[in-house]
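Here the structure is laid out as structure tokens; the discussion comes afterwards.
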Amino acid sequence: MCWLSKKDAPQFLPKMERCNARTMEIFRRIGLADKIRAAGLRADVPMDVFIILAMNEPPLLRQHYPSVDEARATIKARNDGTQPLEPYQLISQYTLEPLLQQEAEALSKCHAALRCEFLSFEQDAGGVSMQIKTLNGETETLARRLSGRLRRRRECGAQAARDQTAREGNLLELRQALYSL
């Protein structure tokens with residue numbers, strides 16, 4: 001695994017303020033959802049949207065969106081595949097980036113490279129190599145062997161299952177093919 005960032009810290013006025021449900025599902029799979037939720041906005045706070053002309057006047061429109069707790073209750077009540085596995089999470093980029101960086105750096109198999117830029121990657125039978133450009137303009141190559149898990153997934157036909165269900169257009173089966181292995 002490799003953590004790359006052009007900057008050494010979040011910049012002024014970051015654009016991200018929430019992780020959508022799909023992003024939180026990915027964080028759940030890698031064991032980070034609970035840590036991100038603990039660092040984000042409380043689960044009982046709704047994500048209502050207000051359209052206003054001035055702060056001292058009543059809103060023109062209030063659109064109710066469920067809190068994380070309410071979304072969790074809906075997910076639990078509707079276990080039919082129509083809901084995400086995880087609700088969204090409000091969390092500032094100022095909070096999330098350092099948390100992710102700290103988690104990545106704690107992994108023994110992770111290479112953290114700050115103040116560099118991703119250029120390209122190549123994959124062959126031996127693994128993946130990645131070209132990055134450092135702050136001083138030098139180009140470096142980072143190489144990584146393919147993990148045993150990736151090889152095992154190829155050997156058991158995961159790609160063939162994904163290709164067949166994608167051709168058939170069955171999204172529920174495609175989701176199962178992608179995440180059940």
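What you see below is based on every heavy atom in this structure, not just the backbone, and it leaves out hydrogens, waters and symmetry mates. Each residue takes its place number in the sequence, starting with 1. Because the structure is predicted, anything quoted here is derived from the model rather than measured.
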>> With clusters defined by side-chain heavy atoms of hydrophobic residues (ILVMFWY) lying less than 4.5 Å apart, directly or transitively, does Val68 cluster with Leu85?
In response: no
>> I'd like to know if Ile91 and Met24 are part of one continuous hydrophobic network [Ile/Leu/Val/Met/Phe/Trp/Tyr, side-chain heavy atoms within less than 4.5 Å].
In response: yes
>> If I take atom OG1 from residue Thr139 and atom NZ from residue Lys133, how far apart are they, to the nearest 0.5 angstrom?
In response: 7.5 Å
>> I need the Ile75 CD1 to Asp80 CG distance, nearest 0.5 Å.
In response: 11.5 Å
State, with a plain yes or no, whether a side-chain heavy atom of [X] is found less than 4.5 Å away from one of [Y].
X: Leu32; Y: Leu100; answer: yes
X: Thr23; Y: Ile26; answer: no
X: Leu96; Y: Cys19; answer: yes

>> Run Met130 and Ile132 through side chain to side chain contact (heavy atoms under 4.5 Å, CB included) and show every step you take.
In response: CA-CA 6 Å; Met130 180 173 39; Ile132 62 170; 4.2 Å; yes
Keeping [X] on the side-chain end and [Y] on the backbone end, is there a donor-acceptor pair under 3.5 Å?
X: Glu17; Y: Leu90; value: no
X: Gln93; Y: Met16; value: yes
X: Arg28; Y: Glu86; value: no
X: Gln102; Y: Leu99; value: no

Less than 3.5 Å apart, which donor and acceptor atoms pair up between the side chains of residues 49-63 and the rest of the protein, not counting sequence neighbours?
residue : atom : partner : partner atom : Å
Arg62   : NE   : Asp48   : OD2          : 2.9
Arg62   : NH2  : Asp48   : OD2          : 2.4

Restricting to non-hydrogen atoms, name the atom on [X] and the atom on [Y] that form the minimum distance, rounded to 0.1 Å.
X: Phe121; Y: Val128; answer: CD1-CG1, 4.1 Å
X: Pro66; Y: Ala71; answer: CB-N, 4.1 Å
X: Gln83; Y: Thr74; answer: OE1-CG2, 3.9 Å

>> Can you confirm whether more than 12 heavy atoms, excluding those of Asn79, are under 6.0 Å from its CG atom?
In response: no
> Can you name the salt bridge (charged side-chain N to carboxylate O under 4.0 Å, His left out) partners of Arg18, sequence neighbours left out?
Replying inline: none
>> Strictly below 4.0 Å, N to O, side chains only: are Asp34 and Arg37 in salt-bridge contact?
In response: no
> Who are the side chain to side chain donor-acceptor pair (under 3.5 Å) partners of Glu105, not counting sequence neighbours?
Replying inline: Gln101
